[in-house]
Peer 1: 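Quick one: structure below, then a few questions.
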Amino acid sequence: MAYTKEDIIRMVREQDIKFIRMQFTDIFGQLKNVAITASQIEKAVNNQIMFDGSSIEGFTRIHESDQYLYPDLDSFVVFPWRPSHGKVARLICDVHNPDGTPFVGDPRGVLQRVLEKAKSMGYDAFNVGPEAEFFLFQTDEEGKPTTKTNDEAGYFDLGPLDHGESTRREICLALEDMGFEIEASHHEVAQGQHEIDFKYAPALECADKIMTFKLAVKILAQKNGLHATFMPKPIFGINGSGMHTNMSLFRNGKNVFYDPDGEKGLSKEAYSFIAGLLYHMKGMAAITNPLVNSYKRLVPGYEAPCYMAWSASNRSALIRIPAARGQSTRVELRSPDPSCNPYLELAVCLAAGLDGIEKGMTPPPEITDNIFAMDAATRKSKGIDSLPGALHEALAEMKKDQLIMDTLGEHIASQYIAGKEAECDEYRTRVSSWEIDKYMINY
């Protein structure tokens, strides 16, 4: 939908909208907003809403704190879960400095810069389809989340086993009201685990939608007395939540990954894109899998990929090429999890793939065997490397990968690494329940 400033002002008046949330995302993927009343809408569409950036972690230093929100007018939408009188709408914003230049610490800007680079290479679209999984947990008397699911369902099961089904349906309907096209919604492998897939979109719109999706899931779960979490591995011993990311590049409206005469129907560009992803995967891991907890999902035995290989059909590989060809040809990266910042995740994925194309990289041979069933010697003989095993390892790899550091830019890279190293340190020094159970009596 293409809106003008006048459209937005008119809709706010006609639809009796009382509040507008000016939304933006911090570097760690947390959604932030400045709420304004309807009387401020003209100021808002003219980029005159200001906020204090020094109060947002990793944003700015105190002496340069004023920042302005430039709304993306096409992102205007009314929240369907709010009351019909005194409605609440939102605008997704870019963050700018007082002199009008884009703020270097804005993750949305990072993705926009890589999309500009793609455009300069002749690619007019980078389409992305995410598959974000989440858990629905019960809450206790105080409304705090538990790890109880009240749900005995498994993959693709239907109610009455699946007690989250009505909440999932409500989420789908609310998202459709907000302009999403929901392609699939089903129970996932683990108890209490769900997946909602929405139609692919150009990368910037897709990242915006992932942020909106997470917000809708959390709000509607809470409304129904449940707690939704995008934490990658909330329960030991069962599958974690991933966010498989399907990607395709277009030139003049044609999917450049498809070549009817290429091996497996894939073009040279597709193979180079895959090679670029594999080459930079370790350096990207701290972005695609940003939590200490992320690495508890990336272990053998739970369907999550931890080995760096690609395949046309093998689900144990990190990169899979789904069967569809023609305009639907796509590369699926299976390691990202839904706790990542989608703007940064899509930016580094695209940057890595473009680097592969620019340098004419070729990927290693396809792996068709189950990698989980191989021993270390077999993997080594086939040249299959592993993803970093922990967040601190991923951060060390990121610092060594100049392309990833340059893609993020000095400001975000340094702030992100500092924040994540503090997280690792806090985790390392904290005493866990596992240690109490394991050592308290024995020693």
Side-chain angles (χ1 to χ4, degrees), residues 2 72 74-75 94 102 106-131 198-210 243-281 283-284 287-288 310 312 318-322 324-334 336 340-363 401-409:
D72 182 335
D74 297 344
S75 71
D94 292 316
D106 180 10
R108 205 167 183 261
V110 173
L111 178 54
Q112 284 164 325
R113 287 198 295 277
V114 188
L115 289 167
E116 282 302 317
K117 156 102 184 177
K119 200 164 268 169
S120 74
M121 291 171 66
Y123 301 113
D124 41 41
F126 175 52
N127 284 345
V128 181
E131 302 169 25
F198 44 91
K199 187 177 166 67
Y200 68 84
L204 189 66
E205 185 190 327
C206 177
D208 288 344
K209 280 186 162 165
I210 292 169
M243 189 176 78
H244 297 170
T245 304
N246 293 274
M247 300 171 270
S248 48
L249 264 181
F250 286 75
R251 182 187 282 119
N252 304 328
K254 286 236 174 356
N255 187 328
V256 302
F257 287 170
Y258 176 57
D259 177 357
D261 304 321
E263 193 184 340
K264 298 197 182 297
L266 298 176
S267 67
K268 189 172 175 305
E269 280 161 304
Y271 283 113
S272 290
F273 194 92
I274 292 166
L277 282 173
L278 286 171
Y279 183 80
H280 291 289
M281 203 55 236
M284 286 160 45
I287 299 292
T288 56
W310 75 275
L318 176 72
I319 294 171
R320 189 173 80 93
I321 313 300
R325 288 294 177 268
Q327 290 291 74
S328 304
T329 310
R330 58 193 186 274
V331 171
E332 178 190 35
L333 183 65
R334 297 170 64 80
C340 71
N341 179 329
Y343 301 102
L344 299 184
E345 185 235 349
L346 297 186
V348 294
C349 284
L350 178 56
L354 293 176
D355 191 49
I357 290 173
E358 271 190 312
K359 293 183 174 148
M361 292 183 191
T362 50
D401 193 320
Q402 203 51 53
L403 177 86
I404 301 303
M405 296 293 279
D406 291 346
T407 300
L408 298 174

Peer 1: Might you point out which heavy atoms bring Thr288 and Cys340 nearest each other, and give the distance in Å?
Peer 2: O-CB, 3.7 Å
Peer 1: Provide the closest heavy-atom pair for Leu333 versus Cys349 in the form atom of the first, atom of the second, distance.
Peer 2: CD2-SG, 3.7 Å
Peer 1: At their closest point, which heavy atom of Ala347 faces which heavy atom of Thr407, and how far apart are they?
Peer 2: O-CG2, 4.0 Å
Peer 1: When rounded to the nearest 0.5 angstrom, what is the spacing between CD1 in Ile274 and CZ in Arg320?
Peer 2: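 Ile274 atom CD1 to Arg320 atom CZ measures 12.5 Å (nearest 0.5 Å).
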Peer 1: Are side-chain heavy atoms of Ile321 and Val331 found at a separation under 4.5 Å?
Peer 2: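 Yes, at least one pair of side-chain atoms sits under 4.5 Å.
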Peer 1: Exactly one of Glu131, Glu345, Arg330 should register a side-chain contact (heavy atoms from CB on, under 4.5 Å) with Thr245. Which one does?
Peer 2: Glu345
Peer 1: Compare every heavy atom of Ala275 with every heavy atom of Pro363, then report the nearest pair and how far apart it is.
Peer 2: N-CB, 3.5 Å
Peer 1: For the OH atom on Tyr258, are there more than 12 heavy atoms of other groups (residues, nucleotides or ligands in this structure) within a distance under 6.0 Å?
Peer 2: yes
Peer 1: To the nearest 0.5 Å, tell me how far Arg334 CZ sits from Trp310 CH2.
Peer 2: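 It comes to 15.0 Å.
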Peer 1: Can you list the residues that meet the ring pair (Phe, Tyr, Trp, His ring centres under 6.0 Å) rule with Phe126, with sequence neighbours excluded?
Peer 2: none
Peer 1: Find out whether Leu408 and Val348 are in side-chain contact, i.e. whether some heavy atom of one side chain is under 4.5 Å from a heavy atom of the other.
Peer 2: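 The answer is yes, as the side chains (C-beta and beyond) meet within the 4.5 Å cut-off.
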Peer 1: Between Asn246 and Glu332, is there a donor-acceptor pair closer than 3.5 Å when you use the side chain of the first and the backbone of the second?
Peer 2: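 Answer holds: no.
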Peer 1: Side chains of Leu344 and Pro107: does their closest heavy-atom pair fall under 4.5 Å?
Peer 2: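 Of all side-chain heavy-atom pairs linking Pro107 with Leu344, at least one is under 4.5 Å.
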Peer 1: Determine which pairs satisfy side-chain hydrogen bond (donor to acceptor under 3.5 Å, both in side chains) with at least one residue from residues 264-278, sequence neighbours left out, and list them in order.
Peer 2: Tyr123-Glu269, Arg251-Glu269, Lys264-Glu366
Peer 1: Taking all non-hydrogen atoms of both residues into account, name the closest pair between Asn127 and Tyr200 and its distance.
Peer 2: ND2-CE1, 3.5 Å
Peer 1: What distance do Ile287 atom CD1 and Leu346 atom CG have between them, rounded to the nearest 0.5 Å?
Peer 2: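 Going from the CD1 atom of Ile287 to the CG atom of Leu346 covers 11.5 Å.
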Peer 1: Using side-chain heavy atoms (C-beta onward) and a distance below 4.5 Å, is His280 in contact with Ile404?
Peer 2: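 Yes; the side chains approach each other to less than 4.5 Å.
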Peer 1: Report yes if the side chains of Met281 and Ile319 come closer than 4.5 Å at any heavy-atom pair, otherwise no.
Peer 2: no
Peer 1: When you compare the side chain of Met247 with that of Leu350, does any pair of heavy atoms fall below 4.5 Å?
Peer 2: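 No, too far: nothing below the 4.5 Å cut-off.
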